[in-house]
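Written below as structure tokens is the structure these notes are about.
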Amino acid sequence: MDNYDTLTITEATAIQKDLRQRVDTADRPLAIRLIGGADISLNLYSTTIYAGIIVLSFPELRPVGWSLVQAETRFPYVPGYLAFREVPALVAAWKQLPEKPDVLVIDGHGIAHPRRMGIAAHFGVETGQASMGCAKKLLTGSYQEPGLAVGSYSPILAGTEQIGYAFRSKTKVAPVFVSPGHRVGMDNSLAVIRQCVGRYRIPEPTRLAHELVNRFRRSELAEGWSAC
DNA sequence: GCGACAG
DNA sequence: ATCTTGTCGC
């Protein structure tokens with residue numbers, strides 16, 4: 001229950017079904033002072049992963065610190081089971097943060113997942129922290145193309161159930177897909193991401209986290225915690 | 001059975 | 001996920 005490396009897909013599926021019963025996706029007033037971005041980086045064919053979390057002031061979106069952790073993963077990348085590969089390292093990076101952000105945006109989906117337990121929801125339930133997902137590609141569900149103007153959005157549907165939003169972060173550019181993780185509601189997830197848009201398609205939390213872990217993988221940064 | 005398939 | 005330069009389009 002602590003090491004995911006030897007799990008079978010059947011066992012992983014059972015864990016997702018169990019975690020699903022504990023997710024809290026109710027909308028609520030969010031008072032955000034700090035927001036985090038989480039991502040991992042790796043070399044092709046390597047079992048070593050570089051996980052990182054960057055913390056930004058909100059709503060200014062200025063980096064205030066980060067946490068980096070190098071780890072080994074045995075669990076392969078299997079669509080629908082990304083959490084079993086990346087969450088352990090992200091949790092280690094999370095625990096290392098001296099001050100936790102109010103909401104963590106993770107690269108990947110929240111409940112926009114076949115069993116409503118994508119990496120962001122999984123991480124949130126496991127740590128008890130508010131989290132949401134922001135992915136570059138759809139995993140499951142369908143959506144109508146949002147208007148071409150920045151800020152446009154449309155719901156991601158799984159039958160009649162809404163599981164997220166397709167959000168246009170840049171005019172005439174492919175949308176990003178956001179969804180609640182834990183302790184963040186559907187509308188909350190959209191409101192948060194709207195306030196995280198900088199000059200690029202990828203919202204600042206995950207964009208900066210991606211940049212961070214890549215520099216870490218290339219040995220330009222050291223493992224551990226650092227303030228900006 | 002067939003196609004789809006986060007990072 | 002990662003490897004990479006130029007090039008098309010607004």
Side-chain angles (χ1 to χ4, degrees), chain A residues 4-5 7 9 12-13 15-16 19-20 23 37-54 68-91 93 104-125 131-143 147-150 156-159 163-182 189 193 199-203 205-220:
Chain A
Y4 289 152
D5 293 352
L7 289 180
I9 292 298
T13 300
I15 290 174
Q16 292 181 329
L19 292 176
R20 180 178 183 174
V23 202
D39 192 19
I40 68 108
S41 179
L42 51 77
N43 287 310
L44 204 52
Y45 307 130
S46 171
T47 56
T48 300
I49 62 175
Y50 303 84
I53 294 177
I54 187 154
L68 295 168
V69 167
Q70 181 178 328
E72 291 296 311
T73 329
R74 301 285 187 219
F75 203 96
Y77 167 67
V78 180
Y81 299 87
L82 179 65
F84 297 92
R85 182 171 165 73
E86 305 187 353
V87 162
L90 288 178
V91 169
L104 182 65
V105 182
I106 302 177
D107 191 4
H109 294 286
I111 63 168
H113 175 279
R115 290 165 295 286
R116 311 293 178 267
M117 194 45 63
I119 187 170
H122 188 129
F123 177 96
V125 174
S131 62
M132 60 171 280
C134 180
K136 297 176 287 298
K137 294 188 295 190
L138 198 64
L139 170 62
T140 192
S142 59
Y143 68 99
L148 295 180
V150 59
I156 299 173
L157 302 175
I163 57 178
Y165 279 109
F167 174 71
R168 192 84 67 188
S169 52
K170 290 274 291 181
T171 298
K172 295 180 182 177
V173 169
V176 291
F177 306 93
V178 301
S179 59
H182 184 53
S189 69
I193 218 64
R199 56 181 297 194
Y200 305 92
R201 175 196 177 214
I202 306 303
T206 43
R207 186 183 73 80
L208 293 174
H210 190 262
E211 193 173 83
L212 178 76
V213 293
N214 273 328
R215 296 200 310 179
F216 176 37
R217 177 173 54 82
R218 298 173 198 141
S219 302
E220 291 170 27

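Letters A, B, ... are given to chains in the order of the sequence lines, protein chains preceding strands, and every chain is numbered from 1. This structure is a prediction, so every number in the text was calculated from the model and none was measured. Basis for what follows: all heavy atoms, side chains included, without hydrogens, waters or symmetry-related copies.
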Checking A:T47 now: which residues fulfil side-chain hydrogen bond (donor to acceptor under 3.5 Å, both in side chains) with it, not counting sequence neighbours? A:E72

Nearest-nucleotide pick for A:R217, side chain only, options being B:dC5, C:dA1, C:dC3: C:dC3

Reckon A:H122 touches a base, only the sugar-phosphate, or nothing at all at heavy-atom distances under 4.0 Å? nothing

Kindly state whether the pair A:Y77 / C:dA1 counts as stacked, where counting means centroids closer than 5.5 Å and planes tilted less than 30° apart. no

With sugar-phosphate meaning primed atoms plus P, OP1 and OP2, does A:L138 contact a base, only sugar-phosphate, or nothing at under 4.0 Å between heavy atoms? sugar-phosphate

Students often get this wrong, so: under 4.0 angstrom with heavy atoms, is A:S41 touching a base, only sugar-phosphate, or nothing? sugar-phosphate

Applying a 4.0 Å non-hydrogen cut-off, can you work out what A:N43 is touching in the nucleic acid: base, sugar-phosphate, or nothing? nothing

Stems involving DNA chain B: give each as a range paired with a range, ordered by first number, where a stem means at least three consecutive Watson-Crick or G-U wobble pairs under 3.5 Å. none

Looking just at side-chain N and O atoms, do A:S169 and A:Y200 make a donor-acceptor pair shorter than 3.5 Å? no

Between B:dG7 atom C1' and A:R85 atom CZ, what is the distance in whole Å? 8 Å

Would you indicate what A:G133 reaches in the nucleic acid, counting non-hydrogen atoms under 4.0 angstrom: base, sugar-phosphate, or nothing? nothing

Distance check needed: C:dT2 P versus A:D39 CG, whole Å only. 7 Å

Give A:F75 one of three labels, base, sugar-phosphate or nothing, depending on what nucleic acid heavy atoms sit under 4.0 Å from its own. nothing

In terms of side-chain heavy atoms of A:H210, which of B:dC5, C:dT2, B:dG7 is nearest? C:dT2

Interatomic distance, A:R116 CZ vs B:dA6 C1' [rounded to whole Å]: 14 Å

Look at the side chain of A:N214 and decide which nucleotide, out of C:dT2, B:dG7, B:dC5, has an atom nearest to it. C:dT2

